[in-house]
Amino acid sequence: MRFSHRVEALFVRALRAIVRSVSWRTSLRLGAGLGTLAYALGIRRAVGAANLAVAFPERSAAERASILRRHYRHLGQVACEYARLAELVRTPEGEVVAAVRGHEHLEAAARARRGVIILTGHYGCLELMGAWVGRDHPTDFVLKPLSNPAVDAIHTGLVAEAGIGIIPLGVGVRRIFIALRQERWVALVADQDARDAGVFVPFMGRMSSTPIGPAVIAHRTGAPVVMIFISRREDGRHEIDITPPLPPPAGDNPDDVRAFTALHTARLEEWVRKHPAMWLWLHKRWKTAPPVELAATADATGPGVGTTIPDGAREA
């Protein structure tokens, strides 16, 4: 393990110990301070500023900078909440999670007895959301392993403490289908740059390479797709909104995959525009350039590119 990884793991362990020694409210203040420090040090600040300029060209530079500062504070708070995720999941409703709206949509989807695909973005404290809505039902999160194996082990341990099953992204694709056949709920995120394996759909005014996994898995399994979002209130508590199930994909040809991907991406955009500080602006979302014929507008029609169906999905 690289020296930098050892230092990072030492910092994470120390932060976990400190956070667990204080109250949740105190840890929120600590997290906000850490986020403010990261912003001041310029850690990926240029990436966030560039993304916000793409997404909100109509807003002033000062308005976008305010969003980014709030986003950094939120990220610091999320980091501190991960350290005590199991504790937060077991608190009474109203204490940490102020409200849950739309639970009837999740219950209706579960009655289909095909499992449920919970879909969200890198928005809010997403693993708290998954653990909270899955408190009374077996739930798995599909997670991309972190580059630092020591920190990844800490992270997966914290998630497991909160009662969430873990399916590694990529190699675990077959386990997704197994979990759904067992009527488990499987949580996916599908809002980061997918390079040439994605399909280009509109997001925040620009054609964006987007993962096709939700469309393919939903079609192959018949599992309903329910989008859920967790937003932080000004007082630090969270609100969870469970939205009605998406219309299922009509098929798995390129047009159908693109249509369904555009649908869930548009719903995510609604929430990002309502609560912009909640979404992860520090990822290079538009790193992959669209083909020339799609580059000019986010309203282009026709099949996207890169809609290759993964081998693992075909075996479902």
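Along the sequence shown, residues are numbered consecutively beginning with 1.
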Tell me which pairs pass salt bridge (charged side-chain N to carboxylate O under 4.0 Å, His left out) where either residue lies in [range], with sequence neighbours left out.
| range | result |
| --- | --- |
| residues 60-70 | none |
| residues 119-147 | Asp140-Arg184 |
| residues 147-168 | Arg20-Glu161 |

Pairing residues for Arg59 by the side-chain hydrogen bond (donor to acceptor under 3.5 Å, both in side chains) criterion, not counting sequence neighbours
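With sequence neighbours excluded, Arg59 shows a side-chain hydrogen bond (donor to acceptor under 3.5 Å, both in side chains) to no residue whatsoever.
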
With sequence neighbours left out, write down each residue that passes side-chain hydrogen bond (donor to acceptor under 3.5 Å, both in side chains) with Asn51, or none if nothing qualifies.
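side-chain hydrogen bond (donor to acceptor under 3.5 Å, both in side chains) list for Asn51, sorted by chain: empty.
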
Hey, quick one: are [X] and [Y] part of the same hydrophobic cluster, counting side-chain heavy atoms closer than 4.5 Å, chains of contacts allowed?
| X | Y | value |
| --- | --- | --- |
| Val189 | Ile166 | yes |
| Ile154 | Tyr82 | no |
| Leu263 | Ile242 | no |
| Val173 | Ile117 | yes |
| Val226 | Val133 | yes |

By the definition side-chain contact (heavy atoms from CB on, under 4.5 Å), identify the one residue from Asp256, Val216, Val199 that meets it with Thr261.
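Of Asp256, Val216, Val199, side-chain contact (heavy atoms from CB on, under 4.5 Å) with Thr261 is met by Val199 alone.
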
Would you mind telling me which of Leu88, Ile240, Ile230 makes a side-chain contact (heavy atoms from CB on, under 4.5 Å) with Trp132?
Ile240

Who are the ring-ring contact (aromatic ring centres under 6.0 Å, His included) partners of Trp24, not counting sequence neighbours?
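Partners of Trp24 by the ring-ring contact (aromatic ring centres under 6.0 Å, His included) criterion come out as none, since no residue qualifies.
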
Under the ring-ring contact (aromatic ring centres under 6.0 Å, His included) test, residues paired with Phe229 that sit two or more places apart
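With sequence neighbours excluded, Phe229 shows a ring-ring contact (aromatic ring centres under 6.0 Å, His included) to Tyr123, Trp271, given in chain and number order.
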
Side-chain donor-acceptor pair present, Ser209, Asp193, cut-off under 3.5 Å
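Side-chain D/A pair, Ser209 to Asp193: absent.
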
Does a donor on one side chain and an acceptor on the other come within less than 3.5 Å for Thr210 and Arg285?
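A donor-acceptor contact under 3.5 Å links the two side chains.
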
Atom of Pro224, atom of Gly115 and distance for their closest heavy-atom approach:
CD-O, 3.2 Å

What heavy-atom pair brings Asp252 and Val257 nearest, and what distance separates the two atoms?
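That would be O-CG2, 3.7 Å.
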
Between Arg114 and Glu183, does the salt bridge (Lys or Arg N to Asp or Glu O under 4.0 Å) criterion hold? Intermediate values first, please.
CA-CA 5 Å; Arg114 293 179 177 270; Glu183 298 184 30; over 6 Å; no

Would you give the length of the straight line joining atom [atom1] of [X] to atom [atom2] of [Y], rounded to the nearest 0.5 angstrom?
| X | Y | atom1 | atom2 | result |
| --- | --- | --- | --- | --- |
| Leu34 | Leu75 | CG | CG | 11.5 Å |
| Ile176 | Leu188 | CD1 | CG | 5.5 Å |
| Ile164 | Thr156 | CD1 | OG1 | 11.5 Å |
| Phe141 | Trp185 | CZ | CH2 | 13.0 Å |
| Thr265 | Glu270 | OG1 | CD | 11.5 Å |
| Ser4 | Glu8 | OG | CD | 5.5 Å |

Results of salt bridge (charged side-chain N to carboxylate O under 4.0 Å, His left out) for Arg2 - residues two or more places apart only
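With sequence neighbours excluded, Arg2 shows a salt bridge (charged side-chain N to carboxylate O under 4.0 Å, His left out) to no residue whatsoever.
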
Considering residues, nucleotides and ligands other than Arg101, do more than 12 of their heavy atoms fall under 6.0 Å from its CZ?
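It does: Arg101 CZ has more than 12 such atoms within range.
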
Does atom NZ of Lys274 have more than 12 heavy-atom neighbours, drawn from other residues, nucleotides or ligands, at distances under 6.0 Å?
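Result for NZ/Lys274: enclosed.
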
Donor-acceptor pair, distance only, cut-off 3.5 Å: does the side chain of [X] make one with the backbone of [Y]?
| X | Y | value |
| --- | --- | --- |
| Ser66 | Ala62 | no |
| Thr139 | His137 | yes |
| Ser208 | Pro202 | no |
| Arg258 | Phe200 | yes |
| Ser27 | Val19 | no |

Trp279/Phe203 aromatic ring centres below 6.0 Å:
yes

Does Thr26 have any side chain to side chain contact (heavy atoms under 4.5 Å, CB included) partners at least two apart in sequence or in another chain, and if so, which?
Val22, Ser23, Arg29

Under the rule for side chain to side chain contact (heavy atoms under 4.5 Å, CB included), what residues qualify as partners of Arg232, not counting sequence neighbours?
Leu28, His74, Gln77, Val78, Glu81, His238, Met278

Leu10: which other cluster members, linking ILVMFWY side chains closer than 4.5 Å, directly or transitively?
none

Can you list, by chain and residue number, the hydrophobic cluster partners of Val7 when the side-chain cut-off is 4.5 Å?
Phe3

Would you indicate whether the side-chain heavy atoms of Thr288 and Asp196 approach each other to under 4.5 Å?
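No; the side chains remain at least 4.5 Å from each other.
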
Flag the pair Arg111 and Glu107 as a salt bridge only when some basic side-chain nitrogen lies within less than 4.0 angstrom of an acidic carboxylate oxygen.
no

Ring of Phe177, cation from Arg220 - is the NZ or CZ under 6.0 Å from the centre and inside 45° of the axis?
no

